[in-house]
Amino acid sequence: MADWVKVSGGLSAISAGSRTTVWGVNAGAAIYKYSNYDGAPWVNVPGGLSDIGAGADGTVWGVNGGNQIFRYAGDQGAPDPWVSITGSLVRIDAGSRTNVWGVDSASSIYRYTNLDSKPWIKIPGALSDIGAGADGTVWGVNAGNQIFRYTGDQGSANPWESITGSLVRIAVGSRTNVWGIDTAGSIYRYTNNDASPWTKIPGSTAADIAAGADGNAWHVNKAGEIYRYTGDQPS
């Protein structure tokens, strides 16, 4: 565990937009925001969510156990910190205010249109988890644990490029900061070389993973323990 520092608390899902924008939810659907102080790391935010996505610019979205979708507005003086957005999703991720993606219970893929009155455009394909970066990068995995990178904004006939490997969870901070977890809970980081795309990172068996635009990474394990990556910092 030399590459990871344990942070007190208990979470079942975690998302990191940057070093200072880290959010998570616990098994009871309670929502927490990182305080940027390990001595008292988590601040409870009112509401209940099952999955959460935090962008580098402070944007935060979430979905609850009923697949309802919400965008955080607690930093905008709203009486209710969460604004309800039309649609139904089971997983969601936000790279930035303008790069928000999700998948529904049928594995259909949706991208936010930046227009709340008609918020979602359906993207061809089928995914079980999705990760969106601040720079527009998007990756996903399907129910067969196959890995894909989005290329639909590059004129490709097929909007998803298959990448070698097998993952059940994926997180994207940027084009160069992509992390995933396999069925055994092992942690992998993208090498930025499609010919040999993944390097295994030592750590506890992970259940969810988070990657920030600034290179930040976190994970939580099945026991709810929380870890922040320090392998890129001098020991």
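We count residues from 1, following the sequence as given. Because the structure is predicted, anything quoted here is derived from the model rather than measured.
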Participant: According to a hydrophobic-cluster definition based on side-chain heavy atoms being under 4.5 Å apart (Ile, Leu, Val, Met, Phe, Trp, Tyr only), do Ile209 and Ile201 belong together?
Facilitator: yes

Participant: Can you check side-chain contact (heavy atoms from CB on, under 4.5 Å) on Val103 and Ile109, steps first, answer last?
Facilitator: CA-CA 5 Å; Val103 296; Ile109 306 161; 4.3 Å; yes

Participant: Which atom names give the shortest non-hydrogen contact between Thr164 and Ile147, and what distance separates them?
Facilitator: O-CD1, 3.9 Å

Participant: So, Ser84 side chain and Phe70 main chain: donor-acceptor pair closer than 3.5 Å or not?
Facilitator: no

Participant: Look only at the side chain of Asp51 and the backbone of Ile92, and say whether a donor-acceptor pair between them is shorter than 3.5 Å.
Facilitator: yes

Participant: Quick one: OG1 on Thr20 to CG on Asn36, what's the gap to the nearest 0.5 Å?
Facilitator: 5.5 Å

Participant: Say you draw a straight line from OG1 of Thr86 to CD of Gln68; how long is it, rounded to the nearest 0.5 Å?
Facilitator: 10.5 Å

Participant: To the closest 0.5 Å, what do you measure between OH (Tyr112) and CH2 (Trp120)?
Facilitator: 7.5 Å

Participant: For a side-chain contact (heavy atoms from CB on, under 4.5 Å) check, start with the C-alpha distance between Asp194 and Ile163, then their side-chain angles and the critical distance, and finish with the verdict.
Facilitator: CA-CA 7 Å; Asp194 286 353; Ile163 304 295; 3.8 Å; yes

Participant: Could you grab the distance from atom OG of Ser107 to atom CD1 of Ile130, nearest 0.5 Å is fine?
Facilitator: 11.0 Å

Participant: Determine, using the 4.5 Å side-chain heavy-atom cutoff (strictly less than), whether Val178 and Ile181 are members of one ILVMFWY cluster.
Facilitator: no

Participant: Is the shortest side-chain N to carboxylate O distance from Asp129 to Arg91 below 4.0 Å?
Facilitator: yes

Participant: For Asn114 and Thr98, work out which heavy atoms get closest and say how close.
Facilitator: OD1-CA, 3.3 Å

Participant: Does any N or O in the side chain of Ser35 come within less than 3.5 Å of the main-chain N or O of Ala40, such that one atom is a donor and the other an acceptor?
Facilitator: yes

Participant: Go through it in stages, so that I can follow the logic: the residues are Arg228 and Asp38, the test is side-chain contact (heavy atoms from CB on, under 4.5 Å), and I'd like the CA-CA distance, side-chain angles, deciding distance and then a yes or no.
Facilitator: CA-CA 11 Å; Arg228 183 178 59 239; Asp38 285 355; 2.8 Å; yes

Participant: If you take all heavy atoms of Ser128 and Ala143, which pair is closest and at what distance?
Facilitator: OG-N, 3.7 Å

Participant: Using side-chain contact (heavy atoms from CB on, under 4.5 Å), reason through Ser50 and Val63 one step at a time and then give a plain yes or no.
Facilitator: CA-CA 6 Å; Ser50 57; Val63 296; 4.0 Å; yes

Participant: Is it the case that the side chain of Asn26 and the backbone of Gly10 share a donor-acceptor pair, with hydrogens and angles ignored and the cut-off at 3.5 Å?
Facilitator: no

Participant: Please examine the side chains of Arg71 and Asp116, heavy atoms only from C-beta on, and report whether any two atoms are closer than 4.5 Å.
Facilitator: yes

Participant: Between Ser12 and Val25 (side chain of the first, backbone of the second, donor and acceptor by atom type, cut-off under 3.5 Å), is there such a pair?
Facilitator: yes

Participant: Within the 3.5 Å criterion, strictly below it, is a donor on Thr59 or Asp57 matched to an acceptor on the partner's side chain?
Facilitator: yes

Participant: Is there a side-chain contact between Lys200 and Ser186 in this structure, where contact means two heavy atoms from C-beta onward sitting under 4.5 Å apart?
Facilitator: yes

Participant: For a quick test of reading the model, state the closest non-hydrogen atom pair linking Pro46 to Pro81 and the distance between them.
Facilitator: O-CG, 4.1 Å

Participant: Hey, could you give me the CG/CG distance between Asn67 and Leu89, rounded to the nearest 0.5 Å?
Facilitator: 8.0 Å

Participant: Would you check if Val172 and Val138 make a side-chain contact, meaning some heavy-atom pair closer than 4.5 Å?
Facilitator: no

Participant: Quick one: are the ring centres of Tyr34 and Trp42 less than 6.0 Å apart?
Facilitator: yes

Participant: Might you point out which heavy atoms bring Arg111 and Asn99 nearest each other, and give the distance in Å?
Facilitator: NH2-OD1, 3.6 Å

Participant: Should Tyr227 and Val22 be counted in the same cluster of Ile, Leu, Val, Met, Phe, Trp and Tyr side chains packed under 4.5 Å apart?
Facilitator: no

Participant: Would you compute the distance between atom CD1 of Ile121 and atom OG1 of Thr113 and round it to the nearest 0.5 angstrom?
Facilitator: 8.0 Å

Participant: Ignoring hydrogens, what is the shortest heavy-atom contact between Ser15 and Asp93? Give both atom names and the distance.
Facilitator: OG-OD1, 3.6 Å

Participant: For the residue pair Trp4 and His219, is the inter-centroid distance of their aromatic rings smaller than 6.0 Å?
Facilitator: yes

Participant: Just to verify, which of Trp101, Phe148, Trp198 counts as forming a ring pair (Phe, Tyr, Trp, His ring centres under 6.0 Å) with Trp139?
Facilitator: Trp198

Participant: Hey, do the aromatic rings of Tyr150 and Trp160 have their centres closer than 6.0 Å?
Facilitator: yes

Participant: May I ask you to decide if Thr199's main-chain N or O and Thr191's side chain share a donor-acceptor pair within less than 3.5 Å?
Facilitator: no

Participant: Between Tyr72 and Trp82, is the gap from one ring center to the other below 6.0 Å?
Facilitator: yes

Participant: Does the gap between the ring centers of Trp218 and Tyr229 come in under 6.0 Å?
Facilitator: no

